[in-house]
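Data block below; observations after.
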Amino acid sequence: LIDWINTTLKEEHIVVRSLEEDLYDGLVLHHLLENLGSLKLDVDKIALTEKKQRQKLSVILEAVAKCLQLEESQLKWSVESILTKDLLSTLHLLVAIAKHFEPNLAIPSNVQVETVTIENTSRGLKTANAVEYITENKENLDAQSKDDAFDELFSHAPDKLDAVKKVFLQFVNQHVGKLGLHLKDIESQFADGVILLLLIGQLEGYFLNLRDFFLTPASPAEMV
């Protein structure tokens with residue numbers, strides 16, 4: 001991230017050496033957003049007092065949320081956390097900006113940190129450990145992409161499967177019926193690919209040349 005920022009802001013003669021120490025006042029973030037997104041932010045370039053830095057960060061982070069189309073509940077950073085040099089918040093912010101403006105930036109996936117939250121209670125200090133992902137967890141994403149509506153149906157509502165198959169059967173017959181065909185069983189009658197081809201032709205409104213496929217395939221090779 002430091003290399004990316006320095007490369008992006010090379011012409012501005014800005015050099016970042018520490019994410020905690022160099023980004024908290026909003027100066028680098030201001031230049032970065034103007035450079036990447038051509039965003040014109042109505043704030044002073046340099047904010048010397050804490051009050052002005054807070055105001056500047058508020059404008060910058062509001063622009064980021066609007067540009068990235070993020071709701072407040074989705075934000076993993078705040079004016080206060082950036083201002084107090086919270087590295088975790090700063091990393092979340094930079095990764096979000098990079099993903100939006102430089103989607104091809106080679107940021108490694110599955111980067112995680114262990115966080116320790118310490119709370120002062122009436123019974124003393126209470127600590128809680130958790131693992132937080134800085135970049136996307138590819139394993140979780142892959143698992144989510146595989147778990148689509150039909151996987152959900154097969155695993156959680158198999159009793160509704162027959163009703164769904166019946167609806168699809170009616171849909172298919174409504175279209176291939178125009179060709180004088182009638183299906184009774186989706187599994188067996190879809191297996192050779194013929195009905196699927198004819199259905200696509202009917203839905204898209206074109207005629208499939210019968211020489212392009214086997215209308216009555218007699219072997220697995222012809223079905224393929």
| task | State whether the number of non-hydrogen atoms from other residues, nucleotides or ligands found under 6.0 Å of Gln74 atom CD is greater than 12. | result | yes

| said: Does atom NZ (Lys52) have a neighbourhood of more than 12 heavy atoms from anything else shown, all under 6.0 Å? | reply: no

Between atom [atom1] of [X] and atom [atom2] of [Y], what is the distance when rounded to the nearest 0.5 Å?
X	Y	atom1	atom2	answer
His31	Ile14	NE2	CD1	4.0 Å
Ser89	Leu19	OG	CG	12.5 Å
Leu29	Ile82	CG	CD1	7.0 Å
Leu83	Gln53	CG	CD	6.0 Å
Asn35	Glu11	CG	CD	7.5 Å
Trp4	Leu36	CH2	CG	5.0 Å

| Residues Lys66 and Glu62 bridged, charged N to O under 4.0 Å | no

Verify same cluster id: [X], [Y] (apolar side-chain graph, 4.5 Å):
X	Y	answer
Phe214	Val194	no
Tyr206	Phe213	yes
Leu70	Val59	yes
Phe168	Leu179	yes
Leu105	Leu33	yes

| request: Take Leu93 and Leu61, measure what side chain to side chain contact (heavy atoms under 4.5 Å, CB included) needs, and give me the verdict at the end. | output: CA-CA 9 Å; Leu93 175 61; Leu61 297 185; 3.7 Å; yes

Of all heavy-atom pairs between [X] and [Y], which one has the smallest distance, and what is that distance?
X	Y	value
Leu210	Phe207	CG-CZ, 4.3 Å
Asp192	Ile195	OD1-N, 4.3 Å
Leu181	Asn173	O-OD1, 4.4 Å
Thr216	Glu222	O-OE1, 4.3 Å
Phe101	Leu68	CE1-CD1, 4.5 Å
Ser58	Val79	CA-CG2, 3.6 Å

Check whether [X] reaches the backbone of [Y] with its side chain - one donor and one acceptor, N or O, closer than 3.5 Å.
X	Y	value
Glu204	Ile200	no
Gln202	Leu198	no
Thr135	Pro108	yes
Thr90	Glu20	no
Ser81	Trp77	no

| query | Among Asp3, Leu9, Ile2, which one satisfies side-chain contact (heavy atoms from CB on, under 4.5 Å) with Ile5? | reply | Leu9

Would you call [X] and [Y] a side-chain contact if the rule is heavy atoms closer than 4.5 Å?
X	Y	value
Ile134	Leu88	yes
Leu32	Leu23	no
Asn129	Thr115	no

| field | Evaluation steps, side chain to side chain contact (heavy atoms under 4.5 Å, CB included), between Asn120 and Leu125 | value | CA-CA 5 Å; Asn120 195 359; Leu125 294 178; 4.0 Å; yes

| task | Take Leu203 and Phe171 through the side chain to side chain contact (heavy atoms under 4.5 Å, CB included) test and state the conclusion after the steps. | result | CA-CA 11 Å; Leu203 292 173; Phe171 167 76; 3.9 Å; yes

